[in-house]
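Lettering follows sequence order; numbering is per chain, from 1.
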There are 2 protein chains.
Amino acid sequence: MQEEREQGDRARARQVRMIDVANSLGLSRATVSLVMRNSPLVSAATRSAVLAEAERLGYIYNQAAANLRTQRNDLVGLVMPDVMNPFVGEVSLGVQEVLGEVGFFVMIANTVDRVDLQRQILQSLVGHRAAGVVTIPALTATADDFSGIRRSGLPTVLLLRHIDGVDLPFVGTDEEAIGRLGAEHLISVHGCRRVAYFGGDPLASPRVGRMETFRQAVAEAEVEAGEGAGVEWDAVWSEPLEATADAAYRRASELLAAGPPPDGVLCHSDNVAYGLVKALRTHDAPPCAVLGIDDLHQSAMWNPPISSIATDPVELGRVCGRVLLDEMGMPVKGRRTPPAPEIHARASCGCH
Amino acid sequence: MQEEREQGDRARARQVRMIDVANSLGLSRATVSLVMRNSPLVSAATRSAVLAEAERLGYIYNQAAANLRTQRNDLVGLVMPDVMNPFVGEVSLGVQEVLGEVGFFVMIANTVDRVDLQRQILQSLVGHRAAGVVTIPALTATADDFSGIRRSGLPTVLLLRHIDGVDLPFVGTDEEAIGRLGAEHLISVHGCRRVAYFGGDPLASPRVGRMETFRQAVAEAEVEAGEGAGVEWDAVWSEPLEATADAAYRRASELLAAGPPPDGVLCHSDNVAYGLVKALRTHDAPPCAVLGIDDLHQSAMWNPPISSIATDPVELGRVCGRVLLDEMGMPVKGRRTPPAPEIHARASCGCH
DNA sequence: AACACTTGACCGCTGCGCGTT
DNA sequence: CAACGCGCAGCGGTCAAGTGT
């Protein structure tokens with residue numbers, strides 16, 4: 001303990017600075033600085049001498065000081081509500097890939113979907129003069145929560161959840177296409193006659209986008225089929241609901257106790273589908289085509305395997321990274337529009 | 001486009017500094033500085049005047065500059081191989097809780113289990129003069145990979161995966177207890193006679209710890225039961241294996257094609273258990289008690305619900321945070337030892 | 001004219017030693 | 001003598017404008 005303390009203090013006692021390695025070599029700070037930044041302006045001999053001496057003295061380049069001077073920073077913050085969500089996790093991979101390639105250092109901050117934490121984190125990032133921010137807003141976030149970052153001029157892109165009244169670039173999946181795809185599959189392929197959109201927080205922007213086209217597709221099918229023979233929209237099953245397997249299981253159990261389920265359900269996420277499928281099984285319910293959204297890796301392992309509508313999350317992350325680069329005024333190549341969703345049909349909807 | 005550019009440049013053009021708000025008020029920088037840091041040394045009147053003026057001018061405190069000056073930093077890096085793993089994610093919650101409480105800013109860097117990225121990230125954190133680091137080493141990491149951070153004196157704690165030859169504080173689950181618990185449950189409760197430890201990378205330190213006590217418990221049962229009537233260790237099923245559901249499914253399918261499974265299996269993780277359970281089902285295999293490790297939330301939803309050995313991950317994270325605080329020389333209260341694992345028995349092992 | 005290096009101001013903030021009232 | 005506030009020297013780098021071959 002005593003020893004550790006001493007060691008710690010010693011390490012902190014005297015930091016080796018550029019000037020130390022410069023003096024020790026009879027050079028100026030500037031030269032050492034040039035070496036550290038791989039400038040071609042120093043001779044090879046000097047360069048290797050500096051490098052050797054730096055190593056010998058245990059010199060560690062102070063990036064923070066450099067950042068202060070140059071007024072730029074290589075830290076990009078990913079601010080997200082739930083690191084554990086696999087979809088979100090994969091998106092972060094894509095962002096990291098694109099930004100890492102051009103030398104940025106990507107770190108993730110977890111808001112746990114709390115606006116207060118989100119506010120604090122964004123504030124912190126602004127204060128640290130981060131290079132940029134990618135954020136999936138917390139569920140209850142409003143335009144206010146972004147006024148600070150907006151005014152600061154810190155390049156920011158909003159991901160997945162759109163916030164009304166915030167004029168920041170937004171990158172998200174094509175929710176309209178998802179809703180349409182889901183409805184079409186349930187109605188045209190499986191001939192479902194009573195359908196619902198199950199789960200999802202009422203505040204989450206994806207839910208509203210998907211519902212809109214989903215309902216629209218239902219209405220169109222109704223017309224096509226003619227009066228009476230049409231497709232029905234189940235409003236009760238389509239009430240908003242926390243997007244967890246647990247909540248979905250409980251809600252579905254309640255509804256199943258009250259009556260038969262729709263014969264086709266588009267779930268807000270695969271997690272929701274897991275809960276619904278479990279409820280259908282334990283309640284020995286009549287056949288019901290279940291479709292998830294996100295296509296988590298697990299879904300293929302499920303019993304039954306879960307059909308799901310997928311948007312390539314890694315590519316979505318890449319797109320997001322490119323949009324941010326653009327926002328930072330850097331040259332970018334590659335597509336700037338999110339990938340289109342596609343359906344991965346498996347057993348849970350009746351395909352197999 | 002043109003407009004956006006202009007706007008961006010304007011925001012970047014002139015940063016409002018402390019001295020600007022000081023001048024604008026006829027005060028000195030020092031006074032403004034004291035206000036920004038909530039020092040009691042300034043009068044309430046001055047304080048509110050400063051605050052108002054800062055707001056009016058759009059002044060944003062530069063934390064980075066302050067950090068340079070004070071030689072301290074509030075950034076703590078969590079360096080982990082897989083953000084998506086729910087166990088890891090929950091651990092990060094615990095770390096964040098403890099560290100956040102005392103004012104640190106916790107951010108996560110994803111190594112994707114690649115040593116090169118890990119090296120780069122650690123280097124970056126050292127360069128940025130982070131306050132501390134918590135890291136789950138990449139699978140193939142060696143002592144070398146930590147020599148840099150070791151020499152820098154940056155307070156660091158190793159999480160979950162132990163690396164030989166690295167004298168940094170380590171916090172992990174009690175793998176020995178997990179192995180023992182698993183063996184006992186399978187053998188004593190379910191009367192299994194042929195058991196295995198399924199999955200896990202050979203390099204991962206948890207695997208070796210668990211295997212050791214697992215095999216030991218098997219050997220003891222053997223003796224107790226007497227020659228011939230004993231419990232058998234299945235070496236083939238216990239070969240190392242990547243810890244994913246997919247890999248587990250494929251391997252189990254192969255082995256099942258060659259012969260019957262053990263009647264009791266402790267899986268390296270819940271994910272591995274998912275793959276095994278699916279294989280058992282699709283191959284219509286004889287009864288086999290399956291135990292996972294981690295108890296992910298999903299496991300209770302599975303069909304059948306997966307039995308699992310759990311260590312409270314959030315508490316583990318808290319412990320880890322406290323150890324880091326200690327390492328940073330800060331006062332800490334609360335336990336400094338990881339929580340004990342416990343078994344959550346469900347249907348997959350035959351309990352229900 | 002090109003090369004190899006140096007000089008000194010500065011990035012935005014803090015902390016110490018001193019005035020004022 | 002409190003209570004308030006000021007000036008200045010850094011923190012560890014970078015960069016434009018030199019100097020000397």
Side-chain angles (χ1 to χ4, degrees), chain A residues 12-51 53-54 57-75 124 126-131 152-154, chain B residues 12-51 53-54 57-75 124 126-131 152:
Chain A
R12 224 156 293 149
R14 209 167 215 338
Q15 192 167 168
V16 183
R17 295 154 310 170
M18 250 182 197
I19 192 139
D20 297 318
V21 6
N23 286 342
S24 161
L25 245 36
L27 290 168
S28 75
R29 276 193 318 187
T31 307
V32 178
S33 174
L34 291 172
V35 171
M36 296 325 277
R37 286 176 289 152
N38 294 314
S39 160
L41 297 176
V42 281
S43 69
T46 312
R47 148 178 270 87
S48 52
V50 167
L51 257 19
E53 191 64 6
L57 297 180
Y59 167 72
I60 298 168
Y61 181 75
N62 191 328
Q63 183 67 52
N67 288 343
L68 174 61
R69 176 63 233 236
T70 59
Q71 301 284 61
R72 59 184 99 92
N73 197 157
D74 59 355
L75 175 70
S124 216
V126 171
H128 280 279
R129 300 295 189 270
S152 76
L154 173 54
Chain B
R12 223 157 294 148
R14 220 217 181 313
Q15 190 167 168
V16 183
R17 296 155 308 170
M18 249 181 200
I19 192 140
D20 298 319
V21 6
N23 285 342
S24 162
L25 243 37
L27 289 170
S28 76
R29 273 195 322 192
T31 304
V32 178
S33 173
L34 292 173
V35 171
M36 297 324 277
R37 287 177 288 153
N38 294 313
S39 161
L41 297 176
V42 281
S43 66
T46 312
R47 145 176 273 88
S48 53
V50 166
L51 256 20
E53 191 63 7
L57 297 179
Y59 168 71
I60 296 167
Y61 181 74
N62 190 327
Q63 184 66 54
N67 288 342
L68 175 61
R69 175 64 230 241
T70 59
Q71 302 282 66
R72 59 185 102 91
N73 197 157
D74 59 356
L75 175 71
S124 216
V126 171
H128 280 278
R129 300 295 190 269
S152 76

Test log, rule side-chain contact (heavy atoms from CB on, under 4.5 Å), inputs A:Gln63 and B:Ser124: CA-CA 8 Å; A:Gln63 183 67 52; B:Ser124 216; over 6 Å; no

Sugar-phosphate only, base, or nothing, as touched by B:Gly127 at under 4.0 Å among non-hydrogen atoms: nothing

Heavy-atom check, side chain of B:Arg129 versus side chain of A:Ile60, under 4.5 Å: yes

Residue A:Thr46, side-chain atoms from C-beta onward, closest of C:dT14, C:dC13, C:dA4: C:dA4

Rounded distance in Å - CZ (A:Arg129) to P (C:dG12): 8 Å

Whole angstrom value for the distance that separates C1' of C:dG12 from CE of B:Met18: 8 Å

Donor-acceptor under 3.5 Å (A:Ser33 side chain, A:Arg29 main chain): no

Nearest-Å distance for atom pair OH/P, residues B:Tyr61 and C:dG12: 14 Å

side-chain contact (heavy atoms from CB on, under 4.5 Å) assessment of A:Arg47 paired with A:Asn38: CA-CA 9 Å; A:Arg47 148 178 270 87; A:Asn38 294 314; 3.8 Å; yes

Nucleotide of C:dT6, D:dG5, C:dC13 approaching B:Arg17 most closely (side-chain heavy atoms): C:dC13

Length of the CG-P vector between A:Leu34 and C:dC5, whole Å: 10 Å

Whole-Å distance separating the CG atom of B:Asn62 from the C1' atom of C:dC11: 9 Å

Any A:Ser28 side-chain N or O less than 4.0 Å from OP1/OP2 of C:dC5: no

Minimum heavy-atom distance B:Glu53-B:Val21, with the two atoms named: CG-O, 4.3 Å

Sugar-phosphate only, base, or nothing, as touched by A:Ile60 at under 4.0 Å among non-hydrogen atoms: sugar-phosphate

A:Ser43 side-chain proximity, nearest of D:dT14, C:dA4, C:dG15: C:dA4

Distance test, side-chain N/O of A:Gln71 to OP1/OP2 of C:dG12, below 4.0 Å: yes

4.5 Å side-chain heavy-atom contact, A:His128 and B:Asn73: yes

Sugar-phosphate only, base, or nothing, as touched by A:Ala66 at under 4.0 Å among non-hydrogen atoms: sugar-phosphate

Atom-pair distance (CZ on B:Arg69; P on D:dG13), nearest Å: 15 Å

Sugar-phosphate only, base, or nothing, as touched by B:Ile19 at under 4.0 Å among non-hydrogen atoms: nothing

Sugar-phosphate only, base, or nothing, as touched by B:Arg72 at under 4.0 Å among non-hydrogen atoms: sugar-phosphate

Whole angstrom value for the distance that separates C1' of C:dC13 from CG of B:Asn73: 14 Å

Side-chain-base donor-acceptor pair under 3.5 Å for A:Arg29 and D:dT14: yes

Touch class at under 4.0 angstrom, heavy-atom based, for A:Thr70 against every strand present: sugar-phosphate

B:Thr31 or B:Ala65, whichever maps to the more 5' nucleotide of DNA chain D: B:Thr31

Length of the line joining A:Asp20:CG and D:dC11:P, which is rounded to integer Å: 10 Å

Any B:Gln15 side-chain N or O less than 4.0 Å from OP1/OP2 of C:dG12: yes

